[in-house]
Amino acid sequence: MSSTRTFARIAPHVVPALDRAVHRLTGGRRMLSDRMLPSLVLTAKGARSGRLRRTPLACMREGDPASAWVLVGSNFGRPGHPAWTGNLLAHPDAEISWKGRDVPVRARLLGGAERETAWAAVVRFWPPYARYQARVEREIRLFKLVPRDVADPGAAGASGEGPVAGPGR
């Protein structure tokens, strides 16, 4: 059901509001979406406004032990990129609320072979992403979020320095 066009029309108006409410009521420990996929709340500066935007999102943990999060800009399989992806491109330093903890993170748009590997992993993790991609002409953006106090081995120079977000697509 989550990969249907009807879901794509309705869910963006209902699911985030419910997730925000459950997140607030549980002190940031739970969200309604947790029943299907691990979820977090991303707080990032708006690309144009600079105002803080809180967005509940599904995520996939990555690393061994899991030390990073992968976010999928699927926009429920709708044509345009979700606004939060543009926000991360403009302002890659953000914060997530993960299981009741606030974690400062740095976001990096994945590209090339790294994106291909991550894409295969997210499709194994949640197969509807493949249907979302088949429905849209744009390449769905993938971001890796790493705690700011941890070096991201995939970032330029492996020191965490250098560009953290690539060009928009």
Side-chain angles (χ1 to χ4, degrees), residues 1-20 31-63 66 68-98 105-146 152-156 162-169:
M1 174 168 146
S2 65
S3 60
T4 66
R5 290 181 192 276
T6 301
F7 185 81
R9 276 194 307 274
I10 297 168
H13 305 287
V14 177
V15 174
L18 291 173
D19 273 342
R20 280 187 197 95
M31 286 194 286
L32 188 61
S33 294
D34 285 338
R35 310 290 274 155
M36 291 191 303
L37 289 168
S39 302
L40 55 78
V41 174
L42 171 70
T43 302
K45 281 185 185 177
R48 290 187 296 255
S49 71
R51 293 175 34 196
L52 293 180
R53 305 293 186 189
R54 294 177 47 84
T55 310
L57 299 166
C59 65
M60 182 183 82
R61 292 303 306 265
E62 181 187 72
W69 295 262
V70 174
L71 300 182
V72 181
S74 67
N75 205 12
F76 297 96
R78 297 182 307 163
H81 291 290
W84 65 264
T85 67
N87 295 344
L88 287 180
L89 289 171
H91 304 286
D93 283 345
E95 185 172 279
I96 60 170
S97 175
W98 172 254
V105 295
R106 177 158 293 131
R108 185 168 53 82
L109 178 66
L110 299 181
E114 187 178 22
R115 186 203 178 279
E116 303 232 352
T117 300
W119 179 253
V122 299
V123 168
R124 278 191 309 277
F125 182 69
W126 185 245
Y129 286 137
R131 289 191 288 280
Y132 291 169
Q133 182 62 78
R135 215 166 42 220
V136 297
E137 292 181 23
R138 66 183 172 89
E139 180 179 74
I140 291 176
R141 291 174 176 161
L142 298 183
F143 285 86
K144 181 176 181 180
L145 274 57
V146 176
D152 178 2
V164 291
R169 291 197 181 128

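- Partners of S97 under the side-chain hydrogen bond (donor to acceptor under 3.5 Å, both in side chains) rule, at least two apart in sequence or in another chain, are H23.
- Shown here are the side-chain hydrogen bond (donor to acceptor under 3.5 Å, both in side chains) partners of S74, two or more places apart in sequence or in another chain: there are none.
- For the pair F76/P128, no side-chain contact is recorded, criterion being any heavy-atom separation below 4.5 Å from C-beta on.
- For the side chain to side chain contact (heavy atoms under 4.5 Å, CB included) with V105, the qualifying choice from D152, V146, D93, L145 is L145, the only one to do so.
- Side chain of T85 to main chain of H81: no donor-acceptor pair is present (N/O by atom type, distance under 3.5 Å, no hydrogens or angles).
- Between G73 and P82, the shortest heavy-atom distance links the atoms O-CD, 3.4 Å.
- At least one side-chain heavy atom of I140 sits less than 4.5 Å from a side-chain heavy atom of V72.
- For E116, the salt bridge (Lys or Arg N to Asp or Glu O under 4.0 Å) criterion is met by no residue, not counting sequence neighbours.
- Pairing each heavy atom of V136 with each of G77, the nearest pair is CG1-O, 3.3 Å.
- Applying the side-chain hydrogen bond (donor to acceptor under 3.5 Å, both in side chains) test to R124 and every residue at least two apart in sequence or in another chain returns nothing.
- Going from atom OG of S39 over to atom CH2 of W98 covers 8.0 Å, rounded to the nearest 0.5 Å.
- Qualifying salt bridge (Lys or Arg N to Asp or Glu O under 4.0 Å) partners for E62, counting only residues two or more places apart in sequence or in other chains: K144.
- For the pair V70/V122, a side-chain contact is recorded, criterion being any heavy-atom separation below 4.5 Å from C-beta on.
- Expressed to the nearest 0.5 Å, how far CE of M60 lies from CG of L142 amounts to 8.5 Å.
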>> Evaluate K45 against N87 for side chain to side chain contact (heavy atoms under 4.5 Å, CB included), listing each step before the verdict.
In response: CA-CA 6 Å; K45 281 185 185 177; N87 295 344; over 6 Å; no
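- Considering only residues two or more places apart in sequence or on other chains, A58 meets the side chain to side chain contact (heavy atoms under 4.5 Å, CB included) condition with L37, Y129.
- Atom CG of L71 and atom CZ of R141 lie 13.0 Å apart (nearest 0.5 Å).
- Proximity of a side-chain donor or acceptor of R115 to a complementary backbone N or O of G112 within less than 3.5 Å is not detected.
- Qualifying side-chain hydrogen bond (donor to acceptor under 3.5 Å, both in side chains) partners for R61, counting only residues two or more places apart in sequence or in other chains: none.
- W119 is linked by a ring-ring contact (aromatic ring centres under 6.0 Å, His included) to nothing, counting only residues two or more places apart in sequence or in another chain.
- Under the rule for a side chain to side chain contact (heavy atoms under 4.5 Å, CB included), R48 has no partner lying at least two apart in sequence or in another chain.
- To the nearest 0.5 Å, atoms CZ (R78) and OH (Y132) are separated by 10.5 Å.
- Residues N75 and R138 meet the side-chain proximity criterion, which asks for heavy atoms closer than 4.5 Å.
- Taking the charged nitrogens against the carboxylate oxygens, E114 and R108 do have a contact shorter than 4.0 Å, which makes a salt bridge.
- In this structure, L57 CG and F143 CZ are separated by 11.0 Å, a value rounded to the nearest 0.5 Å.
- For the side chain to side chain contact (heavy atoms under 4.5 Å, CB included) test, residues two or more places apart in sequence or in another chain that qualify with S49 are R51, R53.
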